[in-house]
Amino acid sequence: ALPPQAAASGDNVSGCANFTSGTTCLWALQAEARVLAMSTAVVALFGGTFVAVPRGSGVVFVELKSGTVSALAECGSRILSLAHAGERQRDVSENPESCSGELIVAAGSDGMLALVAVHKSSATIVTCLIYSGKLTPKVGQRIAETKGVPELYVTAARTRADGGVVAIVHSVTGRREVEVAVIVLGQSGCERLATLSGPSVPKGACWCGPSHALLLADVGFACLSETSCPEQETPEVDENSAVLTALWLEAGSPKPRVTRWTLPCRVWAASTETLEGNAGDANTAAVGHGMEDDVDSNGRLLVVASDGGSEAAVFHIVLPPTPSSTPVLLDATWVPGLAACASARPQLRLVLLSPARSFFALIEACGASSATVFRNPEGSLRAPTSFVQLDGIDGNHTSTEANCEGIAEIHGALLQENLLVVFTGQSIVLTSLDMSVRVTELARPLAACGGFPMGLDPHAVLQMLDRQGEE
């Protein structure tokens, strides 16, 4: 169980039943933004040995081996989402005792942003709050006008050479309008680099380098008029497609370059996949695409999508740093049955894959099988399936789903090769996974001649089918 929530300062927009806040019903985009924030509610640290989760106005850090809470960092307002930015690159002019370690970006109510450094010494976690404040207003907007932006979400973050972090955040600013801000956070404060808008909430985002990024949503994003970006027209899409928006920040120019492409598939999940070390893995995967020298392996967009069948494709998207370059899809594999299983769950919130693709998990809001883990069939006819028991977990009495009131509601999850982490808002549930479990394959006997139901003659049935094919 997590420690009690600390009282948050500022305007705390509570999530109540039927997606209401006070007496005002949430717009559909606001409700969707809260659901999609589940994908950024649990962040892995230090090679997956620790996780960070939001808790009221703070961030809680939990050691997975022991399941104990190691630290709590207060940020000032209710936190809605987190993003792991990576190892902090400290400037040579800084004091050696200044904040160091891995960096977390937190976003929350009333436009709150925080940058937290987490340092591990042996089994001890030490946190350092580098920045806590509000999102920088747009050009020509007064600070007082930001009170109308109650909820802010972070989708991607990345460290910079100067010790700061570049991040992508978004908020719902109208019934059919989402604002995306590209910002820099550091000890000197928050700086807005670019602003985009669109009619849909980002499903995922990724920094592919220090100055170029990808966003994936149902509809693409365009620059606001005051930034006057050179851009393309937003392509038309349908419910079974998504739009990839690429953004390049050009040195010395306040006008970012934006281009978009349509993905003709249904996207189930999109997230940042960070690789450690040099660019060897990504460069190897890019051989033959003519972009071996351009790939930055430290950031790739991991996408799970389907084209209407029962299988789902898992692939990476990388973006070269040259403005207006075309994104490249790499490492595409198919997971049998994943799309069919996901389609059968009307309350689906998350689709998760383990790093080596050995398991995938489908996460729903609540219920007996709200967290189900599947072994990747990998060519087998059957594969093991299991679900997490949440019956003994305290219920959530401020649920965003009417049918989850009073029972455990899942707020986020993380899937590793040997562990499923489920975050309910009140507790963290750790479930170990056994890679060795297999379902025994039994040889099925061939149907005996004359064994058709109702005494049908098999030969006559085959002749009938042959005649239909000829017609």
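Numbers for residues simply follow the sequence, beginning at 1.
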Test salt bridge (Lys or Arg N to Asp or Glu O under 4.0 Å) on Asp218 and Lys203; report intermediate values, then the result.
CA-CA 8 Å; Asp218 291 334; Lys203 294 180 180 293; 3.5 Å; yes

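Looking only at side-chain heavy atoms (C-beta outward), Ile130 and Leu103 come within less than 4.5 Å of each other. Contact check for Gln187 versus Tyr131: no side-chain heavy atoms found under the 4.5 Å cut-off. Using a 4.5 Å heavy-atom threshold, the side chains of Thr136 and Ile183 count as separate.
Annotation: side-chain hydrogen bond (donor to acceptor under 3.5 Å, both in side chains) contacts of Trp248 (sequence neighbours excluded): none. Partners of Thr68 under the side-chain hydrogen bond (donor to acceptor under 3.5 Å, both in side chains) rule, at least two apart in sequence or in another chain, are Ser66. In this structure Ser306 satisfies the side-chain hydrogen bond (donor to acceptor under 3.5 Å, both in side chains) test together with Trp268, sequence neighbours excluded. By the side-chain contact (heavy atoms from CB on, under 4.5 Å) test, Ala205 is found to be paired with Thr155, Ala156, Ile168, Leu215, residues two or more places apart in sequence or in another chain being considered. Residues passing the ring pair (Phe, Tyr, Trp, His ring centres under 6.0 Å) test with Phe360 are Phe374, sequence neighbours excluded.
The backbone N or O of Pro202 sits nowhere less than 3.5 Å from a side-chain atom of His170 that would complete a donor-acceptor pair. Panel note: side chain Arg349, backbone Ile410; a donor-acceptor pair is recorded below 3.5 Å. Using modelled atom types, one side-chain atom of Asn376 and one backbone atom of Arg357 make a donor-acceptor pair closer than 3.5 Å. Within the 3.5 Å criterion, the main-chain N or O of Val219 finds a donor-acceptor partner in the side chain of Ser200. Of the possible donor and acceptor atoms, one in the side chain of Thr245 sits under 3.5 Å from a partner among the backbone N and O of Phe221.
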Name every donor-acceptor pair, under 3.5 Å, that has one atom in a side chain of residues 412-420 and the other anywhere in the protein, sequence neighbours excluded.
from, atom 1, to, atom 2, distance (Å)
Gln416, NE2, Gly48, O, 3.0
Glu417, OE1, Ser358, OG, 2.9
Glu417, OE2, Ser354, OG, 2.7
Glu417, OE2, Ala356, N, 2.5

